There are 2 protein chains.
Amino acid sequence: MRDAAEIQHRMTLFQQRCAELGLANTHQRQVIFRTLAESTSHPTPEEVYRRVRKKIPSISLGTVYRNIKILVQKGLLKEVAVHHEPLRLDPNLSDHHHLVCRRCKSVADIASEDVEPVRLKAALPAGFQVERCEVVAMGLCAACAMKLKQNRSH
Amino acid sequence: MRDAAEIQHRMTLFQQRCAELGLANTHQRQVIFRTLAESTSHPTPEEVYRRVRKKIPSISLGTVYRNIKILVQKGLLKEVAVHHEPLRLDPNLSDHHHLVCRRCKSVADIASEDVEPVRLKAALPAGFQVERCEVVAMGLCAACAMKLKQNRSH
DNA sequence: TTGACAAAAGAGAATAAATCTCGTTTAATA
DNA sequence: TATTAAACGAGATTTATTCTCTTTTGTCAA
Ligand SMILES: [Mn+2]
Ligand SMILES: [Mn+2]
Ligand SMILES: [Zn+2]
Ligand SMILES: [Zn+2]
């Protein structure tokens, strides 16, 4: 839970951004965002729904999902790491990293030797044992970059 | 598609490991593994199913999923990145990294400043535009490490 | 203000991915 | 070859998410 001033600041920015983006200023949207802004963890949509219902018992799960999707699209929320259905399997068991296209979801390998070893400078939460580090580089593949450019010039 | 000698080598190792692990040497299991071993991409379970059915038209989707799960558990296959349902949201929009417990799936932030910047040493696939790099450090949280130790000492 | 219109909400059906159940078949091994 | 646990196939079930449709609510201009 963050402090009240910080949350108030986030809410003000949120309302500004919604106005800029043409998103209506609904009570449900505000409470969903505030619930996430108050959180310092990484809740699931169901968890958000559970918390939001304390404020708006009649809210529907669909509204929570709809808003989460819009807010992630507009960059007002993030998803943790690359996360999209369905599961992707990797027959390459060597330690290596990945390059993911945010548009077409293609996944390409980056060899371990092609990335400088990841170095943590600070102490981790007490007792956490790191087993492996994977770098996920997100961006646009050549094909998708071209398609997006074309769409923009319509 | 890899070359035949490489695949043959993988199949031999696979059969050895299955024997060691007490996994029965079924035709379905072999074809599923071979299909993945032949692949240089990151197929979905449905894609594996589609390919395996060319060899064994009567195979069931359940068998594909069952084997994928076993093989991932036993370390004969990997999942790409951390990937588990449901979606996890992040109210922290700053660039930062994550620490994920492989057992309880808890997610903790690692501040960007606490990790040396990720440096790619080699050229990426032509035209790929990287927008951001996220480090996912996987391992065991203190609580889970303790629970696993207890279970082992039964 | 109020009215028109688009955006968003609620309810619940539908879909997609993954898992489970259960009766049947098969591999391991004695 | 007979026994038995493991694995299979078929299809139901579960879980997360999305969609459809009707009603309600913001927004904005008159
Ligand atoms: Mn890979
Ligand atoms: Mn985070
Ligand atoms: Zn792409
Ligand atoms: Zn844990």
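Every chain is numbered from 1 and lettered A, B, ... according to where its sequence line falls, protein lines coming before strand lines. As the structure is a computational prediction, the values presented were derived from the model and not from experiment.
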Novice: For residues 106-114 of chain A, which side-chain donor-acceptor pairs fall under 3.5 Å, sequence neighbours excluded?
Specialist:
from      : atom 1 : to       : atom 2 : distance (Å)
Asp109(A) : OD1    : His96(A) : NE2    : 3.1
Asp109(A) : OD1    : His98(A) : NE2    : 3.1
Asp109(A) : OD1    : His42(B) : NE2    : 2.8
Asp109(A) : OD2    : Asn92(A) : ND2    : 3.1
Ser112(A) : OG     : Asp95(A) : O      : 3.4

Novice: Quick check: do Pro43(B) and Val48(B) have side-chain heavy atoms less than 4.5 Å from each other?
Specialist: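 The answer is yes; the side chains approach within 4.5 Å.
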
Novice: Side chains of His97(B) and Glu134(B), heavy atoms from C-beta outward: is any pair under 4.5 Å?
Specialist: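 Yes - at least one pair of side-chain heavy atoms lies under 4.5 Å apart.
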
Novice: Could you check how far CD of Gln73(B) sits from C1' of dA6(D), rounded to whole Å?
Specialist: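 To the nearest whole Å, that distance equals 15 Å.
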
Novice: Expected output is a numbered-order residue list: members of residues 64-71 of chain B with a heavy atom under 4.0 Å from any atom of DNA chain D. What is it?
Specialist: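 Close to the strand are Arg66(B), Asn67(B).
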
Novice: What I'd like to find out is whether the side chain of Leu89(A) reaches to under 4.5 Å of the side chain of Lys78(B), using heavy atoms alone.
Specialist: no

Novice: Strictly below 4.0 Å, heavy-atom distances to any atom of DNA chain C: list the hits from residues 41-58 of chain B, or just say none.
Specialist: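 Residues of residues 41-58 of chain B under 4.0 Å from DNA chain C: Pro45(B).
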
Novice: Can you list everything that forms a salt bridge (Lys or Arg N to Asp or Glu O under 4.0 Å) with Glu6(A)? Sequence neighbours excluded, please.
Specialist: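 Salt bridge (Lys or Arg N to Asp or Glu O under 4.0 Å) list for Glu6(A), sorted by chain: Arg10(A).
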
Novice: Please report the end-to-end axis angle for the helix from dT1(C)-dA30(D) to dA30(C)-dT1(D), five pairs per end, rounded to 10 degrees.
Specialist: 40°

Novice: With a 4.0 Å cut-off, would you call Glu79(A) and Arg88(B) a salt bridge?
Specialist: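 No, no charged N to carboxylate O under 4.0 Å.
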
Novice: Can you run down the ring-ring contact (aromatic ring centres under 6.0 Å, His included) pairs that involve residues 2-30 of chain B, sequence neighbours left out, and say none if there aren't any?
Specialist: Phe14(B)-Phe33(B)

Novice: Enumerate the protein-to-nucleotides 3-5 of chain D contacts in which both atoms are nitrogen or oxygen and the separation is below 3.5 Å.
Specialist:
none

Novice: A side-chain contact here means heavy atoms from C-beta on lying under 4.5 Å apart; do Val100(A) and Val80(B) qualify?
Specialist: no

Novice: State, yes or no, whether a side-chain contact exists between Leu99(A) and Leu124(B) at a heavy-atom distance under 4.5 Å.
Specialist: yes

Novice: Go along nucleotides 23-30 of chain C 5' to 3' and tag each nucleotide: B for a protein heavy atom under 4.0 Å from its base, S when only backbone or sugar atoms are that close, - otherwise.
Specialist: ----SS--

Novice: The criterion is side-chain hydrogen bond (donor to acceptor under 3.5 Å, both in side chains); which residues satisfy it with Gln16(B), sequence neighbours excluded?
Specialist: none

Novice: With the side chain counted from C-beta on, respond yes when Val115(B) and Lys121(A) share a heavy-atom pair under 4.5 Å apart, and no when they do not.
Specialist: no

Novice: Would you kindly give the CD-to-P distance between Glu20(A) and dT27(D), to the nearest whole Å?
Specialist: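 Distance check: Glu20(A) CD to dT27(D) P gives 15 Å.
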
Novice: Taking side-chain hydrogen bond (donor to acceptor under 3.5 Å, both in side chains) as the test, write out the residues that go with Ser41(A), two or more places apart.
Specialist: Ser39(A)

Novice: Atom CD1 of Ile59(B) to atom C1' of dG9(D): distance rounded to whole Å?
Specialist: 10 Å

Novice: Per the salt bridge (Lys or Arg N to Asp or Glu O under 4.0 Å) rule, what does the pair list look like for residues 44-65 of chain A, sequence neighbours excluded?
Specialist: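 For residues 44-65 of chain A: Glu47(A)-Arg50(A), Glu47(A)-Arg51(A).
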
Novice: Using side-chain heavy atoms (C-beta onward) and a distance below 4.5 Å, is Thr44(A) in contact with Tyr49(A)?
Specialist: no

Novice: What is the distance from atom CD1 of Ile7(A) to atom CZ of Arg34(A), rounded to the nearest 0.5 Å?
Specialist: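 Going from the CD1 atom of Ile7(A) to the CZ atom of Arg34(A) covers 7.0 Å.
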
Novice: In residues 67-77 of chain B, what donor-acceptor pairs under 3.5 Å come from side-chain atoms, sequence neighbours left out?
Specialist:
from     : atom 1 : to       : atom 2 : distance (Å)
Asn67(B) : OD1    : Arg29(B) : NH1    : 2.9
Asn67(B) : ND2    : Thr63(B) : O      : 2.9

Novice: Rounded to whole Å, how long is the line connecting atom CG of Leu61(B) with atom C1' of dC8(D)?
Specialist: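 Checked: the CG to C1' distance equals 13 Å.
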
Novice: Please report, rounded to the nearest Å, how far the C1' atom of dA6(D) is from the CD atom of Gln30(B).
Specialist: 15 Å

Novice: Is Ser60(A) near enough to dA11(C) that one of its side-chain N or O atoms lies under 4.0 angstrom from OP1 or OP2?
Specialist: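 No, no such contact exists.
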
